[in-house]
Every structure is written in structure tokens, then in C-alpha cells.
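One structure is given here, and the rest of the page talks about it.
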Amino acid sequence: MNWQKPIKFKIGDVDWEMPLSTLLLLLFLTLLLMAGGAWLGFRFGSGQL
């Protein structure tokens, strides 16, 4: 698999282009931070934190 293959996409009116490896890294970090925030929110809401 070519990890340096440029991936092109558009968000709004802005064209974006980045390597596949960078896109996957950003996606992984986003999901990790979302899961951590949900876990902390649950712990805080249940009074365990």
C-alpha cells in the first residue's frame, strides 16, 4: 500500500490534499480524543472523578 499517495478532498470551498498516512493519523487521533472525552465525561457525571 502506498502510504504517501496524495488524497484530495474538499471541505466547503477549500480543496485539501494530504498523504494517506497523515489523514489516517489525524483520524486516529480524533477518535482517540473523542473516546477519552466521552470516558472522562461519564466518570465526571457519575461522581467518580
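When reading the values below, keep in mind they use all heavy atoms of this one structure, side chains included, and skip hydrogens, waters and symmetry mates.
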Gap separating the OG1 atom of Thr22 from the CH2 atom of Trp3, nearest 0.5 angstrom: 11.0 Å

Between CG on residue Leu25 and CE on residue Met18, distance to nearest 0.5 Å: 10.5 Å

Please report, to 0.1 Å, the donor-acceptor pairs under 3.5 Å made by any side chain of residues 5-13, with sequence neighbours excluded.
none

Under 3.5 Å, which donor-acceptor pairs do the side chains of residues 27-43 form with other protein atoms, sequence neighbours left out?
unit_1: Thr30; atom_1: OG1; unit_2: Leu26; atom_2: O; d: 2.7
unit_1: Arg43; atom_1: NE; unit_2: Gln48; atom_2: OE1; d: 3.1

